[in-house]
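Since this is a predicted model, take the numbers as computed values, not measurements. Both ligands and their constituent atoms are indexed starting at 1 by order of listing.
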Amino acid sequence: MTDDAAALRDAFRSFFARESPPDRVRAAETARPPGFDAALWAQAGTLGLPALAVEGATLADLTVIAEESGRALAPIPVVESVVAARLLDRLGAAGSVPAGALVTVAVRPALDGVASLVPAGAVADAVVALDGERLVLTHGNRGDPVTPTLAAAPLATWTITPAAVPLAVGAAAHAEFERVGDEWRLLTGAALVGLARRALELGVDYATARHQFGVPIGSFQAIQHRLADVATLVAAAGLLVGDAATADAASSTAVCRAYLAATRAARDAAGASLHVHGGYGFMVEYDVQLYFRRAAAWPLVLGDPASERARLADLLAADGWVPPEPPPSAFRSQVRELVADACTPAVLEGVEASGTVHDWSLHRRLADAGFLAAGWPADWGGQADPAAEGVLWDELERVGAPTDGWGTSDLVARTLALVGGDDQRGEVVPRVLAGEILICLGYSEPDSGSDVAAATTRAERDGDDWVINGQKMFTTLAHEAAYVFLLTRTDPDAPKHRGLTMFLVPMETPGIEITPVWTLSRERTNITYYSDVRVSEAARVGEIDGGWDVMRVALTFERNPTMIAELDRVLRRFVGWATTQPAVLDRPSVRDRLADVSVDLEAGRALGAEMAARSARGELPVVEGSMAKLFSSEALVRSCAALLDVLGADGLLARGAPDAPAHGELEAMYRHAQVTTIRAGTSEIQRGIIAERGLGLPRAGR
Ligand SMILES: Cc1cc2nc3c(=O)[nH]c(=O)nc-3n(C[C@H](O)[C@H](O)[C@H](O)COP(=O)(O)OP(=O)(O)OC[C@H]3O[C@@H](n4cnc5c(N)ncnc54)[C@H](O)[C@@H]3O)c2cc1C
């Protein structure tokens with residue numbers, strides 16, 4: 001958010017907080033017409049509403065204002081008046097209404113000259129409506145306020161009079177009406193995001209204060225996890241609205257996606273908050289019901305939200321169903337060219353046969369081209385450009401290149417660069433960046449997975465050396481790695497997090513044994529055993545008993561979600577297959593699913609971009625990282641299941657089977673997707689982080 005936008009937000013937030021508190025919202029509900037506060041409307045005028053819509057405010061500025069009005073449930077027609085003002089200004093028709101007149105828009109076309117349930121229709125002086133082939137401005141024949149309604153809104157039905165002023169005719173009328181609809185969707189989406197954020201706050205506040213069974217209810221995981229899911233949806237919807245507002249004007253697709261995400265976030269946030277309030281949420285006295293009713297009511301003004309899903313599908317179909325190509329750059333072209341050349345079918349077949357998601361020839365080519373260091377600071381030979389790393393991962397995942405070896409090695413190397421000893425920084429890191437060696441992760445044990453700090457693998461002092469004994473589970477790529485980044489316990493008597501020490505142990509050290517483990521995705525991982533493994537002091541990373549500090553750094557680097565790039569690949573493969581089949585892409589159930597995938601894909605992308613942007617600003621985006629990981633992995637699971645089902649019985653056919661749709665890629669991804677919600681911190685662990693560190697809920701009873 002720019003400084004100007006932040007200033008606008010602060011000004012309108014304090015205005016609405018002061019002038020539109022819940023008491024005034026409630027009072028407006030019983031006013032006639034309902035849902036309108038004329039005094040508040042006059043006050044809003046002093047802040048420039050709706051005039052500023054045509055006096056320099058951008059669409060992005062207006063979303064900021066709409067979000068604040070939604071947050072306060074302000075009983076004034078911010079969205080409709082702003083959209084109408086922009087339209088009249090665009091068409092040079094502002095003079096058709098007297099100064100200060102309240103003009104609204106009928107967002108659904110009129111039928112037989114009647115625009116029904118027009119938002120703000122009960123208080124407007126004039127309405128813009130699509131009447132057949134004409135877009136008109138009508139002043140006459142307003143019906144009575146329609147009451148009662150779900151959210152006590154000033155709705156009324158208007159009959160379009162013969163005196164209505166034509167604003168546009170034919171194709172131009174329809175194009176303008178589409179634009180009105182898009183702007184209304186965008187600003188209503190912003191208002192719904194504001195509503196959702198406040199509804200969530202009400203739920204969090206209540207869950208923090210309310211006690212049951214002797215503890216705050218916000219410490220129950222069932223409550224925490226539901227609110228964490230909602231917080232993630234709301235964050236994603238807010239980012240999509242922001243992106244759509246700044247996208248080029250033609251992006252109806254981005255607006256439709258943002259609107260769908262916002263309608264869902266608002267419904268879910270208000271519903272979850274109501275539920276968290278228990279019986280009290282059902283009492284009229286509690287404010288959450290005000291939010292709950294409007295979360296459903298505002299989108300219903302446009303019609304069944306499911307129709308919007310169908311509309312998004314139409315828009316996607318017009319664009320060929322897949323996201324546009326990323327912006328070209330010299331770096332992307334170089335990476336794409338090299339990956340196309342080096343990631344051959346033989347490489348992918350080798351991965352399939354061995355289960356080892358790494359290929360040395362590809363890896364060395366990436367290193368030789370300097371790509372492995374691309375996202376690293378210049379001191380390490382990198383380009384100091386965080387975007388370069390994103391491009392690299394994007395291009396690798398796009399073709400399904402084997403990247404597990406690079407993933408673990410890079411995160412350990414980054415950790416060593418920050419907290420490693422001289423030898424580790426001077427020798428190991430450069431060898432990683434040169435593509436000479438891999439490093440695997442030795443965290444998980446038979447009895448400590450999510451609770452990784454409960455590791456029991458022992459490291460004991462023996463003279464100047466350390467002697468290590470224990471067992472690690474899921475040591476992926478141990479059979480290819482030169483080192484294992486090994487979490488050990490050095491003080492069994494200290495509190496769990498304090499008695500740990502990290503080591504970087506050469507895999508060739510005597511006493512290490514590797515046993516393969518085969519998984520659901522046919523990928524290979526390993527169990528590693530450590531029997532009297534002797535290493536020198538130089539193998540230690542960080543302080544003795546300071547292993548958790550090292551882990552904290554390493555875990556931050558591990559939450560780099562590649563699942564969205566995988567989802568992009570699945571979608572492209574699916575569409576590639578579907579376009580060769582008769583009528584698949586015409587089936588409404590398929591189109592609906594593709595619309596859902598599209599919303600998930602862009603929401604996950606936005607969350608990932610937010611995390612990356614914060615990292616680039618030098619922040620440690622713990623909560624944003626958890627949201628991106630949680631959302632993207634679960635989106636991948638949902639989408640793979642939905643798209644596999646479309647294949648019907650042919651979805652059974654796996655790689656290598658004759659006629660397997662998309663060469664069995666969807667079947668393979670369906671299996672693979674499951675692990676993305678487990679490794680690098682399960683979904684439940686991410687929800688806990690979001691709930692406690694993001695929402696500030698009390699620590700869960702474990
Ligand atoms: C293919 C694969 C590769 C892997 N690669 C590596 C690797 O290279 N190195 C490595 O060290 N590890 C690796 N892992 C291990 C992975 O990180 C762990 O599987 C993961 O952290 C979960 O631990 P766990 O399997 O012991 O499950 P558990 O921790 O026992 O969890 C079981 C279930 O309980 C839930 N649960 C646990 N704690 C809580 C809680 N506090 N609140 C709510 N629910 C909870 C979990 O979400 C999960 O659903 C890999 C795993 C797989 C499957």
Side-chain angles (χ1 to χ4, degrees), residues 219-229 351 354-358 402-412 415 438-457 470-481 483-488 496 500 502-505 507 514-530 547 550-551 554-555 557-560 562-563 566 626 629-630 633-634 636-637 668-669 671-693 697 699-702:
S219 66
F220 298 137
Q221 277 201 345
I223 300 267
Q224 287 201 344
H225 288 194
R226 185 158 178 192
L227 292 177
D229 279 337
V351 170
S354 67
T356 298
V357 188
H358 174 74
T403 54
D404 281 7
W406 174 234
T408 56
S409 305
D410 182 69
L411 86 86
V412 177
T415 309
L438 296 184
I439 305 177
C440 61
L441 304 178
Y443 306 156
S444 305
E445 296 186 4
D447 293 324
S448 66
S450 298
D451 187 10
V452 67
T456 57
T457 291
Q471 178 186 344
K472 293 286 175 181
M473 289 301 298
F474 306 112
T475 325
T476 308
L477 283 165
H479 57 294
E480 294 286 347
Y483 293 92
V484 56
F485 194 52
L486 197 69
L487 185 66
T488 68
K496 192 166 70 175
L500 297 164
M502 189 68 85
F503 289 90
L504 187 71
V505 179
M507 288 303 291
I514 303 171
T515 305
V517 171
W518 299 100
T519 66
L520 176 61
S521 57
R522 301 202 195 112
E523 291 160 11
R524 173 184 171 167
T525 180
N526 304 286
I527 304 175
T528 47
Y529 300 91
Y530 305 83
V550 179
M551 270 302 276
L555 288 174
F557 291 127
E558 193 165 359
R559 292 206 186 95
N560 171 17
T562 56
M563 287 77 73
E566 291 181 299
S626 288
K629 175 16 169 112
L630 170 68
S633 57
E634 304 224 325
L636 185 64
V637 168
M669 283 303 287
R671 287 179 286 110
H672 163 78
Q674 314 306 315
V675 81
T676 65
T677 64
I678 295 169
R679 67 180 181 198
T682 68
S683 292
E684 286 67 34
I685 297 303
Q686 309 303 340
R687 289 188 175 99
I689 293 170
I690 296 164
E692 292 177 12
R693 299 185 63 178
L697 285 165
R699 193 168 162 73
R702 305 220 185 262

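Atom CD1 of Ile685 is separated from atom CD1 of Ile690 by 11.5 Å, given to the nearest 0.5 angstrom.
For ligand 1, the polar-atom distance check against Glu684 finds a nitrogen or oxygen pair separated by under 3.5 Å. Polar contact with ligand 1: absent for Thr475 (N/O pair, distance under 3.5 Å). By the 3.5 Å distance cut-off applied to N or O atoms, Phe474 is counted among the residues near ligand 1. At under 3.5 Å, a nitrogen or oxygen of Ser444, whether backbone or side chain, sits near a nitrogen or oxygen of ligand 1. Taking only nitrogen or oxygen atoms, main chain and side chain alike, Thr525 does not reach within less than 3.5 Å of ligand 1. Considering backbone and side-chain atoms alike, His225 places every N or O at 3.5 Å or more from each N or O of ligand 1. Considering backbone and side-chain atoms together, Thr682 places an N or O closer than 3.5 Å to an N or O of ligand 1.
No side-chain donor-acceptor contact under 3.5 Å links Ser450 and Glu684.
Using a 4.5 Å heavy-atom cutoff, the side chains of Leu441 and Thr476 are not in contact.
Under 4.0 Å from ligand 1, the heavy atoms of Gln221 that appear belong solely to its side chain. Contacts between Leu441 and ligand 1 below 4.0 angstrom, taking non-hydrogen atoms only, involve backbone and side chain alike. Contacts between Thr408 and ligand 1, counted as non-hydrogen atom pairs separated by less than 4.0 Å, are absent for every part of the residue.
The number of heavy atoms from other shown groups lying within 6.0 Å of CG (Asp447) does not exceed 12.
Remark: among candidates Val675, Leu486, Asn526, Thr476, the nearest residue to atom 1 (C) of ligand 1 is Val675, based on non-hydrogen atoms. With distances taken over non-hydrogen atoms, the option nearest atom 24 (P) of ligand 1 out of Pro446, Cys440, Gly681, Gly449 is Gly449.
Looking at every heavy atom in both residues, Phe474 comes nearest to Ser444 through CD1-CB, 4.4 Å.
Evaluation of the side-chain hydrogen bond (donor to acceptor under 3.5 Å, both in side chains) rule for Gln471 yields no partner, not counting sequence neighbours. For the side-chain contact (heavy atoms from CB on, under 4.5 Å) test, residues two or more places apart in sequence or in another chain that qualify with Ala455 are Glu445, Ser448, Lys472, Leu487, Leu500.
In summary, the atoms of ligand 1 found under 4.0 Å from a heavy atom of Tyr443, numbered by their order in the structure, are 11 (O).
Looking at Arg524, its side chain never comes within 3.5 Å of a backbone N or O of Thr356 through a donor-acceptor pair.
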